[in-house]
There are 2 protein chains.
Amino acid sequence: MSVSVVSVAERAGVSVSTVSRALRGIPGIAESTRKRVQDAAEELGYVASPSASRLATGRTRTIAVVVPLLSKWFFAEVIAAAGRVLSREGYDVLLTELSTPALRAEFFASPRLHGRSDGALVVALQLAPEEFAALEAQGQAVALVGSERTGASSVQVEDRAGGLAATRHLVNLGHERIAFIGIQELPGSPLGGVPPAERLLGYRDALAGAGLPPDPELELGVENTVDDGVAAMASLLTRADPPTAVVAASDELAFGALSTLRGAGLDVPRDVSIVGYDNHELARAVGLTTIDHGVADQGRLAAEALVATLAGQPAAVGRLEPRLVVRGTTAPPRRLRAGSS
Amino acid sequence: MSVSVVSVAERAGVSVSTVSRALRGIPGIAESTRKRVQDAAEELGYVASPSASRLATGRTRTIAVVVPLLSKWFFAEVIAAAGRVLSREGYDVLLTELSTPALRAEFFASPRLHGRSDGALVVALQLAPEEFAALEAQGQAVALVGSERTGASSVQVEDRAGGLAATRHLVNLGHERIAFIGIQELPGSPLGGVPPAERLLGYRDALAGAGLPPDPELELGVENTVDDGVAAMASLLTRADPPTAVVAASDELAFGALSTLRGAGLDVPRDVSIVGYDNHELARAVGLTTIDHGVADQGRLAAEALVATLAGQPAAVGRLEPRLVVRGTTAPPRRLRAGSS
DNA sequence: CTGAAAGCGCTTACAG
DNA sequence: CTGAAAGCGCTTACAG
């Protein structure tokens with residue numbers, strides 16, 4: 001509070017304008033002067049007041065990171081990766097969690113970011129046009145993870161290709177009855193935001209490509225939680241003709257499904273194969289075959305795009321290729337291994 | 001940018017001082033005036049510039065949340081709970097992740113919070129005296145999760161009681177060879193911060209209380225990751241006289257241990273029992289017996305304490321009682337069930 | 001290369 | 001109950 005530009009200026013024997021310019025590395029300052037100012041600042045332990053420079057420049061050097069939910073691995077991972085980029089680039093990270101419809105509505109109804117951040121990094125939320133407009137009206141540059149909009153930077157995953165790869169892997173192993181546990185947004189749920197349709201479409205593509213008839217009975221849509229994965233798998237097991245393999249639209253759903261299968265005394269992958277989607281932190285330990293969609297990359301790329309935008313570059317659109325990671329939860333169906341075990 | 005107090009003042013036909021007071025609900029303003037000002041502000045879509053009021057008041061109404069790592073369930077959960085409180089109380093959340101020793105050193109060496117936040121909520125980091133002093137020198141009120149220090153608010157868990165409860169549960173089931181997979185901070189690791197000693201002491205207490213001799217061979221210390229849990233359990237299995245039960249100092253270690261046991265063809269809990277520590281989001285699906293230490297509560301209470309401190313209340317120290325959650329990974333040892341299965 | 005001065009948009013004693 | 005004015009601590013044309 002005590003040490004301001006004025007004290008530094010006095011100590012260095014220059015004007016405050018010179019202090020300001022010297023400390024920010026602005027060209028057109030004699031090196032000797034700059035040195036003197038820097039020394040004075042150091043000796044006094046001076047650090048510019050962020051509020052004052054924000055007020056003077058109109059820029060906050062802050063990015064708001066907006067997520068539906070914090071305590072999910074996917075979001076935490078995206079934020080962490082984005083945060084590292086932002087902090088390296090000298091931006092503060094303002095964290096905003098919109099975990100209920102009420103919070104979301106309130107957030108977009110009032111100009112909560114106005115003057116607080118220069119840009120918003122919106123993760124997973126599928127913004128309504130008014131919501132997007134509200135951000136722009138608050139002077140925010142916008143970068144999107146998991147959605148797309150003209151005029152904004154975005155990072156998306158080729159989820160249809162991911163769904164295809166997951167399913168094709170099972171098809172190639174010889175499976176013919178393959179279920180899909182998809183993500184269905186319940187009204188008011190903060191969990192998702194993932195465009196579920198794409199992964200499902202990829203699943204259907206793979207079946208069609210293999211000449212396998214689609215079976216609506218095998219397509220489930222639930223909330224993206226472990227518990228719903230448990231329930232979905234339980235429901236599949238009650239079918240007259242249960243699937244021999246399952247594609248889950250997230251690893252958490254897959255974890256739940258695995259838990260149900262074990263509880264039912266079934267062996268994975270001998271009795272049932274499972275492919276997840278995420279390459280969750282725990283997928284390796286569980287030995288889950290899954291789709292890696294570069295979660296950290298999504299955060300990193302979006303942050304980089306946003307920083308570039310604020311530096312005057314045009315908006316950038318990135319698309320990530322998902323990648324199949326084969327581990328231990330997939331194998332040929334029993335039928336093809338008769339007598340072999 | 002365009003709409004400032006001045007425009008509101010003009011529209012309402014009052015002075016800027018009156019606008020400022022009316023909008024902030026300060027008493028001593030005629031209700032009719034306040035109404036007129038509020039209407040004018042609303043019509044103009046006015047919202048006060050945070051930078052300007054921060055500069056004028058010297059308070060930022062921002063809390064810095066400082067964590068070693070974001071993408072771990074524990075930290076994300078704590079942040080989420082704290083964030084909800086802070087945001088409800090009108091505070092912005094400035095997120096800071098110190099995921100490497102270099103970042104940590106840099107953070108505490110420069111006054112990075114100065115003028116950016118009114119307080120710091122420090123999670124899990126065991127602050128050195130200079131680090132704590134650095135925060136105070138930057139004018140930060142401090143609240144600690146998982147550590148303690150005179151003059152600061154803090155929330156801690158009775159981890160010794162937790163370790164005791166976990167181990168006693170196994171003792172009560174009849175186990176006599178019980179291993180402990182503890183958390184050992186590697187130099188430079190950002191994962192921990194959890195004071196590992198406490199949980200270990202509780203484990204020893206329980207053994208002593210049951211008259212079981214301590215066996216250093218059964219006390220392991222590893223990094224708090226699933227992979228290290230995998231390795232630790234593997235190492236235990238190679239012992240000449242392997243344990244019949246394991247207490248893991250975190251659920252992630254327990255997940256790793258479970259994975260090893262399954263991979264080795266052993267049944268849990270028939271062959272080996274396991275107790276974790278955290279009540280991690282996935283513990284329920286896995287059916288893991290564990291210790292619930294109110295992770296969200298830790299974040300919530302620390303945030304409440306910090307807010308109270310900033311409102312002039314004295315620092316508060318909270319201690320949480322951990323609670324055993326019995327699920328499916330614990331049972332009596334084989335020995336006691338001879339012929340029963 | 002450097003300085004004097006205005007301005008960013010608030011808040012808050014002080015006076016009335 | 002309300003207003004005029006100073007002040008918070010920077011940055012940035014403008015002049016020299």
Side-chain angles (χ1 to χ4, degrees), chain A residues 1-38 40-41 44-62 90 92 111 113-118 138-139, chain B residues 1-38 40-41 44-62 90 92 111 113-118 138-139:
Chain A
M1 35 202 70
S2 36
V3 205
S4 76
V5 254
V6 177
S7 0
V8 179
E10 281 169 359
R11 179 160 196 128
V14 297
S15 72
V16 295
S17 342
T18 299
V19 171
S20 175
R21 287 188 281 246
L23 258 24
R24 284 177 305 140
I26 285 174
I29 290 276
E31 263 323 306
S32 59
T33 307
R34 190 188 304 277
K35 179 80 170 68
R36 198 142 35 89
V37 171
Q38 282 168 340
L44 294 170
Y46 169 76
V47 46
S49 151
S51 307
S53 42
R54 286 169 188 182
L55 178 59
T57 62
R59 325 195 71 243
T60 62
R61 292 211 64 98
T62 297
D92 283 350
L113 258 30
H114 179 264
R116 285 172 206 280
S117 54
D118 302 333
Q138 293 173 57
Chain B
M1 36 204 72
S2 35
V3 205
S4 76
V5 254
V6 177
S7 359
V8 179
E10 282 169 356
R11 179 158 196 131
V14 297
S15 72
V16 296
S17 341
T18 300
V19 170
S20 175
R21 288 189 280 247
L23 258 25
R24 285 178 304 140
I26 286 175
I29 291 275
E31 263 321 307
S32 59
T33 308
R34 191 188 302 277
K35 180 81 171 68
R36 200 143 33 89
V37 172
Q38 281 169 341
L44 294 170
Y46 168 77
V47 47
S49 152
S51 308
S53 40
R54 286 169 188 183
L55 178 57
T57 62
R59 325 194 71 244
T60 61
R61 292 212 64 98
T62 297
D92 283 350
L113 258 28
H114 178 264
R116 285 172 206 281
S117 53
D118 302 333
Q138 294 174 54

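Each chain gets a letter, A, B and so on, in the order the sequences are listed, and its residues count up from 1.
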Participant: Rounded to the nearest Å, what distance is computed from the CZ atom of residue Arg36(A) to the P atom of nucleotide dC1(C)?
Facilitator: 14 Å

Participant: Just to verify, what does Arg116(A) make a salt bridge (Lys or Arg N to Asp or Glu O under 4.0 Å) with, not counting sequence neighbours?
Facilitator: Asp92(B)

Participant: side-chain hydrogen bond (donor to acceptor under 3.5 Å, both in side chains) with Arg24(A): which residues, sequence neighbours excluded?
Facilitator: Ser20(A)

Participant: Contact class for Val6(A) vs. all strands (heavy atom < 4.0 Å): base, sugar-phosphate, or nothing?
Facilitator: nothing

Participant: Can you sort out the partners of Val16(B) under side-chain contact (heavy atoms from CB on, under 4.5 Å), two or more places apart, ordered by chain and number?
Facilitator: Val5(B), Val6(B), Ala9(B)

Participant: Which residues pass the side-chain contact (heavy atoms from CB on, under 4.5 Å) test with Ser53(A), sequence neighbours left out?
Facilitator: none

Participant: Residues from residues 15-25 of chain A sitting under 4.0 Å of DNA chain C, heavy atoms only?
Facilitator: Ser15(A), Ser17(A), Thr18(A), Arg21(A)

Participant: Under the side-chain hydrogen bond (donor to acceptor under 3.5 Å, both in side chains) test, which residues partner Ser49(A), sequence neighbours left out?
Facilitator: none

Participant: Which atom names give the shortest non-hydrogen contact between Val8(A) and Val37(A), and what distance separates them?
Facilitator: CG1-O, 4.0 Å

Participant: Can you list everything that forms a side-chain contact (heavy atoms from CB on, under 4.5 Å) with Gln38(A)? Sequence neighbours excluded, please.
Facilitator: Leu23(A), Arg34(A)

Participant: Write down the distance between CD (Glu10(B)) and C1' (dG9(C)), rounded to a whole number of angstrom.
Facilitator: 14 Å

Participant: Tell me, please, which residues at least two apart from Arg11(B) pass salt bridge (Lys or Arg N to Asp or Glu O under 4.0 Å).
Facilitator: Glu43(B)

Participant: Holding to side-chain contact (heavy atoms from CB on, under 4.5 Å), I want the full list of residues that pass it with Thr57(B), two or more places apart in sequence or in another chain.
Facilitator: Arg59(B)

Participant: Would you please name every residue forming a side-chain hydrogen bond (donor to acceptor under 3.5 Å, both in side chains) with Ser51(A), sequence neighbours left out?
Facilitator: none

Participant: Between P on dG9(D) and CZ on Arg116(B), what's the gap in Å once rounded to a whole number?
Facilitator: 16 Å

Participant: Just the rounded figure in Å: distance from C1' of dC10(C) to CZ of Arg61(B).
Facilitator: 16 Å

Participant: Let's test your reading of the pairing rules: Watson-Crick or G-U wobble, both distances under 3.5 Å, then write DNA chain C as a dot-bracket string with ( ), [ ], | and dots.
Facilitator: |||.||||||||.|||

Participant: For DNA chain C, which residues in residues 45-59 of chain A have a heavy atom at a distance below 4.0 Å?
Facilitator: Leu55(A), Ala56(A)

Participant: Roughly, in whole Å, what's the span from NE2 in His114(B) to P in dC8(D)?
Facilitator: 14 Å

Participant: Go through it in stages, so that I can follow the logic: the residues are Ile29(B) and Thr18(B), the test is side-chain contact (heavy atoms from CB on, under 4.5 Å), and I'd like the CA-CA distance, side-chain angles, deciding distance and then a yes or no.
Facilitator: CA-CA 8 Å; Ile29(B) 291 275; Thr18(B) 300; 4.1 Å; yes

